[in-house]
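Right, I'll just put the structure down here and ask away after.
These numbers were taken from a predicted model, which means no experiment stands behind them. Numbers here simply count residues along the sequence, with the first being 1.
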Amino acid sequence: MAPRPLPRILSSGSAQLARSREIARSAADSATDVLHPLITVSRGLRKLAATARAKWAATPKERRGPTLFLVAACVLVVALMPYGPLLALVALMGAAAWKGREKPVVKTGPDEAETARLKGLYEALVPYFSVPEDPAPLFAHGGDWSAAFGDHAFDEDGRLTRLRISYPPYFTDGEAASRARIEQLLHAKSGRGREYLFDWDEEGNRLVMHVLPALPTTISAQRFVTAPGETVLGFTDADAVQRTVPVVSADGSEDAPAVVWRTGPRSTEPHLLAVGQPGSGTTSLLRSLALQALEHGDVLIVEGAGTGEYACLVGRDGVLGVESELSGALESLEWAAHETERRLISANRARQAGQPAPADTRRPLWILLDRPGVLGHLAAAQGRPDPQELLQVPLRHGRAAQVTVVVAEQFDTADALHERVRAHTRARVALGPASPEQIAAVLGTAPHTTPTPQVPPGRGYARLGAGPVLRLQVPATPDPYDDATGDADRQAVLDLLPERRAAATVALEKVPEAAAEPTPGPLPRHAPVPAEG
């Protein structure tokens, strides 16, 4: 049977559609030719309006009144002249036609300098992404770089800001050393002094590199909108976290992406370790944590360096003590260990009796140690126990007892940290300029970005438990008693300080040995001993 012919409407549809497209294209070209003068004048008017708007924005406020008066006088003179409005309109149309005679140039590809940079980067990657056994190598000397590179972008200086690289499947992208070599090469060839993010797609054999913008340093200490048990360590990239916090910065109010650290009984990272270089901002981090903790709890501070960085907190409500001497530090930490045990026993007894835990066991207690390695060195010289040994009970049982321990140390003395401190501080922060190896030693893994040699104070990385490594900028919390502190930052810290309490003399009472419940040892000298029930 012979095949039946298609209906006429189906057989001639494609031809009619093609003729319709040609007619529409011809009509559009004719309209463009007819309306070309109008399009040119409209483009010129837009440019003139943009120029006038920029001139007005650049005019100082005190000169805007005289400028308006001069413009109004000129308009009045032109309106009163014979044929003045007509001549002004002709002049305006002529200026607009002259201004809009050139179309804006749309850049569709890299220029010669950018192409040379891409070729050089391609040639540098050839030894790493090619093997002699490959019959059709993607990377070869003198090869086509456009087949391996895509989605490239440059800044005003002609340096790469984004690049997508396709590499062969046999590249060992699962090995950290291989990835580190490629990242180091791209960092060196694309321009040093900037921070790059490398996103490896092992499944698709692609690597995306782009330059990260600098984190804002205009956010100072303030009351952050958080729930009880939540503390803001700092701020990070918008696409790195799902939580934003309303803040007030030097640029105005905004919602900033925050690194929120959760403490308390339900926290998986109840204690924190911060390591940094001198002047990197570890003390500012502890000062920021203390100001946030005082809103709902009590704070005990042990300063090993003895520089008086926490003098603004001495004698404040909620501050149990600020110790900088070895004897005071040992007494305070011994009291903290006994207080942790007392809280555990009191909560356990209340739980067995079917009653809620006492209020004094639910109030958070923060123990902040700054530079404990210095005190450990002094203790070893005097034959006394290391203060870090007294942290065993708060570190091990602090989560159940609402006790949080924060330790800050420097990179050059990080070896003095005890193993129990390293084991129980699962929340980590590394601040200041450091090598990827130093950061990996603190956080447990290397960051996906390239650290820069020059960073502002409070800039670093944070990692909560087994989570990802996040860039971090600690809110500016300087010492308000330091002469080098700016007035705005000083006032921001002073506004957060609690009221000073009246001076009180601490009387120590000896508890009989037959008492079933252990009582905490002597409190720091700045706080009264609470009455036992």
Side-chain angles (χ1 to χ4, degrees), residues 220-224 226 228-233 261 263 272 274 281-325 327-329 331-333 335-336 339 343 359-372 394 398 402-408 474-483 485-508 520-531:
S220 58
Q222 56 192 277
R223 291 294 180 198
F224 300 112
T226 56
E230 293 182 345
T231 306
V232 175
L233 296 179
W261 174 40
T263 58
L272 182 138
T282 55
T283 301
S284 296
L285 173 62
L286 264 64
R287 197 181 294 114
S288 173
L289 296 178
L291 293 177
Q292 297 181 61
L294 287 173
E295 188 175 1
H296 301 287
D298 300 324
V299 175
L300 173 62
I301 302 174
V302 176
E303 182 188 5
T307 56
E309 293 285 344
Y310 304 92
C312 60
L313 295 170
V314 175
R316 302 284 181 174
D317 289 337
V319 180
L320 302 180
V322 179
E323 300 293 343
S324 57
E325 298 180 356
S327 58
E331 293 177 2
S332 301
L333 295 179
W335 170 85
E339 173 66 10
R343 290 185 174 211
D360 59 345
T361 63
R362 297 196 306 267
R363 183 171 175 82
L365 172 62
W366 288 67
I367 305 174
L368 308 181
L369 283 84
D370 194 355
R371 301 291 305 280
Q402 293 280 2
V403 178
T404 302
V405 179
V406 180
V407 180
V474 177
T477 316
D479 182 10
Y481 297 161
D482 189 358
D483 296 336
T485 303
D487 295 336
D489 293 337
R490 176 185 293 108
Q491 191 60 40
V493 176
L494 292 176
D495 292 342
L496 297 177
L497 291 174
E499 296 293 335
R500 290 190 180 275
R501 59 174 177 267
T505 303
V506 179
L508 304 179
L523 276 169
R525 294 187 294 273
H526 303 293
V529 178

>> Could you measure the distance from the CG atom of D298 to the CH2 atom of W366? Nearest 0.5 Å is fine.
In response: 12.5 Å
>> Taking side-chain hydrogen bond (donor to acceptor under 3.5 Å, both in side chains) as the definition, give me every residue that meets it alongside D487, ordered by chain and number, with sequence neighbours left out.
In response: R490
>> Contact between Q292 and F224 at the side-chain level, heavy atoms closer than 4.5 Å - yes or no?
In response: yes
>> I want to check something: taking the side chain as every heavy atom from C-beta on, are L272 and T231 in contact at a cut-off of under 4.5 Å?
In response: no
> Rounded to the nearest 0.5 Å, how far does OG1 of T263 lie from CD of Q402?
Replying inline: 7.5 Å
> Can E331 and S327 be counted as having a side-chain donor-acceptor contact under 3.5 angstrom?
Replying inline: no
> Which atoms form the tightest heavy-atom contact between R371 and A305, and what is the distance?
Replying inline: CB-N, 4.0 Å
>> Can you confirm whether L496 sits close enough to L294 that some side-chain heavy atom of one is under 4.5 Å from a side-chain heavy atom of the other?
In response: no
> Does any N or O in the side chain of R500 come within less than 3.5 Å of the main-chain N or O of V314, such that one atom is a donor and the other an acceptor?
Replying inline: yes
>> Return the CG to CH2 distance between L300 and W335, rounded to the nearest 0.5 Å.
In response: 6.5 Å
> Do the side chains of I301 and L320 get nearer than 4.5 Å, heavy atoms only?
Replying inline: no
> What residues form a side-chain hydrogen bond (donor to acceptor under 3.5 Å, both in side chains) with T283, not counting sequence neighbours?
Replying inline: D370
> Are any non-hydrogen side-chain atoms of V406 and L369 less than 4.5 angstrom apart?
Replying inline: no
>> Under a 4.0 Å threshold between the charged nitrogen and the carboxylate oxygen, would E309 count as salt-bridged to R287?
In response: yes
> Can you tell me how far CG of L497 sits from CZ of R316, rounded to the nearest 0.5 angstrom?
Replying inline: 4.5 Å
>> For V405 versus P394, what's the shortest heavy-atom pair and its separation?
In response: CG2-CB, 3.9 Å
> Just by modelled atom types, is the G321 backbone N or O under 3.5 Å from a matching donor or acceptor in the E323 side chain?
Replying inline: no
> Taking atom CG of L285 and atom OG1 of T477, what is their separation to the nearest 0.5 Å?
Replying inline: 8.5 Å
> Is there a donor-acceptor contact under 3.5 Å from the side chain of T485 to the main chain of P480?
Replying inline: no
> When rounded to the nearest 0.5 angstrom, what distance separates OG1 in T361 from CZ in R363?
Replying inline: 12.5 Å
> What's the shortest heavy-atom distance between V299 and A290, and which atoms?
Replying inline: CG2-O, 4.1 Å
> Do you know which two heavy atoms are closest between P475 and S288, and how far apart they sit?
Replying inline: CG-OG, 3.8 Å
>> Within the 4.5 Å heavy-atom criterion, are E295 and R223 side-chain neighbours or not?
In response: yes
> Which pair of heavy atoms, one from G306 and one from S324, lies closest together, and at what distance?
Replying inline: CA-CB, 4.0 Å
>> Checking V474 against T282 for the side-chain contact (heavy atoms from CB on, under 4.5 Å) test, could you report, in this order, the C-alpha distance in whole Å, the side-chain angles of both residues, the deciding distance, and whether it holds?
In response: CA-CA 9 Å; V474 177; T282 55; over 6 Å; no
> Which residues satisfy the ring pair (Phe, Tyr, Trp, His ring centres under 6.0 Å) test with Y310, sequence neighbours excluded?
Replying inline: none
>> Which heavy atom of V302 sits nearest to which heavy atom of L333, and what is that distance?
In response: CG2-CD2, 4.1 Å
>> Do L365 and T404 have side chains that approach each other closer than 4.5 Å (heavy atoms only, starting at C-beta)?
In response: no
